[in-house]
Structures are given as C-alpha cells and as structure tokens.
Amino acid sequence: MYSIKLHHHPLSVCSMKVRLALEEKGLVWAGREIDIIRAQEQLDPWYLKLNPNGVVPTLEFDNGNEEVITDSARIIRFIATLPDGNPLLPQDAQDQIQMEQLVDLADTIDLQILSYARHPSMEKSGRILDRRIQKSLRLSEEHPELKDNYLTCAERSEKSKQFRVDAFHVARMEREAQEALDIAEERLHQGEYLLGECYSLADVIWTVVLSRLDLLGYTDWIDGSEYPAIGDYYQRMQKRRSYTQAQVQNQWWDK
C-alpha cells in the first residue's frame, strides 16, 4: 500500500497535467492547494524545502519510504510507471519512443509566458509577479540558508515580467507552439489518439496544453479552423470523465 499527496493549484498548467495523469491512471490521491496568486505559498520556507524551485506541483509518495518528486514531466512519468491502475504507457518499444517525443514536444510550448502575455489584465499579472519578486527578496534575507533558492525564484519572475511584454519573444513562442501543433495534427490523422488507438501519457499532457491554449484565446488553433484533427480530438478529450475529475481549466477565474 502507498499514499499519494499532491501539492498543486487549480489553474496551474503543470498541476493540471499531474491531476489528469492521476485520474486517468485511476489512483487514489490527496491534494493540498497551494495559493500561488495572493499568498504566494509556494515561496514559504516549508514548501521551498520540499520543492527547491518554489513552483507547483510537488508530489509526495509514501510506500514506507517517502519520496518527493518535483517537475511535472518527472511526476507524470512516475505515475505512469506505478503498477496499479490503468496503463498509460504503450507496450510497443517504438510507440514508447514516439510517446516520449510527443511529451517532450508539448513541454517545448512555453505556456507560462503565453499565459502572462495574454492574461485578461496585464496590470493584474504584473502585480502577481511583483508580489512574487518582493516576497522572494524579502525571504532571501530572512532565511539565508535558502537565499540562493529565493534569488533564483526572483530572477525567474523578473524574466517572466520582461518577456510577457516583449512582442518579439511572444511571437517566437507562438511560432514554436504552431510548429508543435503541426506535428500533433499529423499524428492525429493516424488514429483516435496521438499514438493511434492507444491512450497514453502523450494524450494527458496534450489535453492540458490544448485546454490552456483554449483559455488563452487561440481559438483558431483548437476549434478545427486551422487544425481539424486537433479540433475533433480536443472535443473528445473534454468529454472524458477524467477531464472533469481532474478539474482541467479552460476559462479564466478570479482566484
């Protein structure tokens, strides 16, 4: 027997990837919501000791020996390897290689910068980043043992603040996103899922990517106008029971 505890935030893309993987796998898990908007709890010392990067999600796995796993890509791969539940990994070796390529491809889309750049209120997104920077710098002085971690968090938020208003940078991120969508579209012409007839971890991550693009208003990319196969696929993925259970978000909400 083992227990799974996920530290997450409802609107965090990376948190959604993990929640969807857990629901598709059919595992029992407990969640703790981390306020990354107002309280910036991901920067609290207790959490930074758990996740030195100061981001969500973080998964705690306890089977007698507690293991802490950070980075959503590592977490979903870990979940997929657990023996219990539904299979999320293909059996064919070539399919496994293609699945890994599709997972990595989805991760190349910089949804964080696109989210800040297309936030409905640039002023609000700026305030969120300012609070993050201020709290990181303050706590770097109060907790010298974590100073390097806090300064890294502050630097990361400073870059996000700059890049979100850099039209050239945002346009490059959008071009790279479309290049990734081109590949996914081609894959979906070959079957119901990204690996043909086998639902896999690739579908988990791409479902969340498409949901975030939907939320950001890239309507032509996900409604079938530019990518017919992706449009049909996205509609089908939203109808899966796991989509609702994992609380995959495709609309802005004020929290």
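A donor-acceptor pair is defined here as one N or O able to donate and one able to accept, closer than 3.5 Å; no such pair exists between the side chain of S157 and the backbone of A154. At distances below 3.5 Å, not a single donor-acceptor pair connects side-chain atoms of S72 with backbone N or O atoms of V18. Judged by distance alone, with hydrogens and angles left aside, the side-chain atoms of K25 form no donor-acceptor pair with the main-chain N or O of I76 at under 3.5 Å. In this structure a side-chain-to-backbone donor-acceptor pair under 3.5 Å is missing from E226 to D220. Under the 3.5 Å distance criterion, the side-chain polar atoms of Q96 are matched with a main-chain donor or acceptor of P90. At distances below 3.5 Å, not a single donor-acceptor pair connects side-chain atoms of Y234 with backbone N or O atoms of G224. No donor-acceptor pair closer than 3.5 Å links the side chain of E67 to the backbone N or O of F61.
Counted within 6.0 Å of CD on E66, heavy atoms from surrounding residues, nucleotides or ligands total more than 12; the atom is thus considered enclosed. Around the CD atom of E145, the shell of radius 6.0 Å holds more than 12 heavy atoms that belong to other residues, nucleotides or ligands.
Evaluated for a side chain to side chain contact (heavy atoms under 4.5 Å, CB included) with N51, the options T58, N149, L59, V68 yield exactly one hit, T58. Screening K49, R138, K135 against D44 for a salt bridge (charged side-chain N to carboxylate O under 4.0 Å, His left out) leaves a single residue, K135.
The nearest pair of heavy atoms linking A202 to L102 is CB-CB, 3.9 Å. When all heavy atoms of M16 and L11 are compared, the pair lying nearest together is CE-O, 3.3 Å. The two residues R164 and V170 have their closest heavy-atom pair at O-CG2, 3.9 Å. For the pair H7 and Y47, the tightest heavy-atom approach, listed with the atom from each and the gap, is CB-CE1, 3.8 Å.
By the 30° and 60° cut-offs, the orientation of the rings of H8 relative to W29 is perpendicular. F163 and H169 have parallel rings, their planes meeting at less than 30° on a 0 to 90° scale where 60° marks the start of perpendicular.
For residues 193-223, the pairs satisfying ring pair (Phe, Tyr, Trp, His ring centres under 6.0 Å) are Y193-Y199, Y218-W221, with sequence neighbours left out.
Residues satisfying the salt bridge (charged side-chain N to carboxylate O under 4.0 Å, His left out) criterion with E23, sequence neighbours excluded, are absent altogether.
L201 and I69 fall within the same hydrophobic cluster, where Ile, Leu, Val, Met, Phe, Trp and Tyr residues are linked whenever their side-chain heavy atoms come under 4.5 Å apart, directly or through other members. Under the 4.5 Å side-chain heavy-atom criterion for Ile, Leu, Val, Met, Phe, Trp and Tyr, V209 and Y116 are members of distinct hydrophobic clusters. Residues M237 and I183 share a hydrophobic cluster, clusters being chains of Ile/Leu/Val/Met/Phe/Trp/Tyr side chains in contact below 4.5 Å.
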Note to self: If you apply the rule salt bridge (charged side-chain N to carboxylate O under 4.0 Å, His left out), what do you find for D104 with R77, and how did you get there?
What the structure shows: CA-CA 12 Å; D104 290 340; R77 286 180 170 99; 3.0 Å; yes

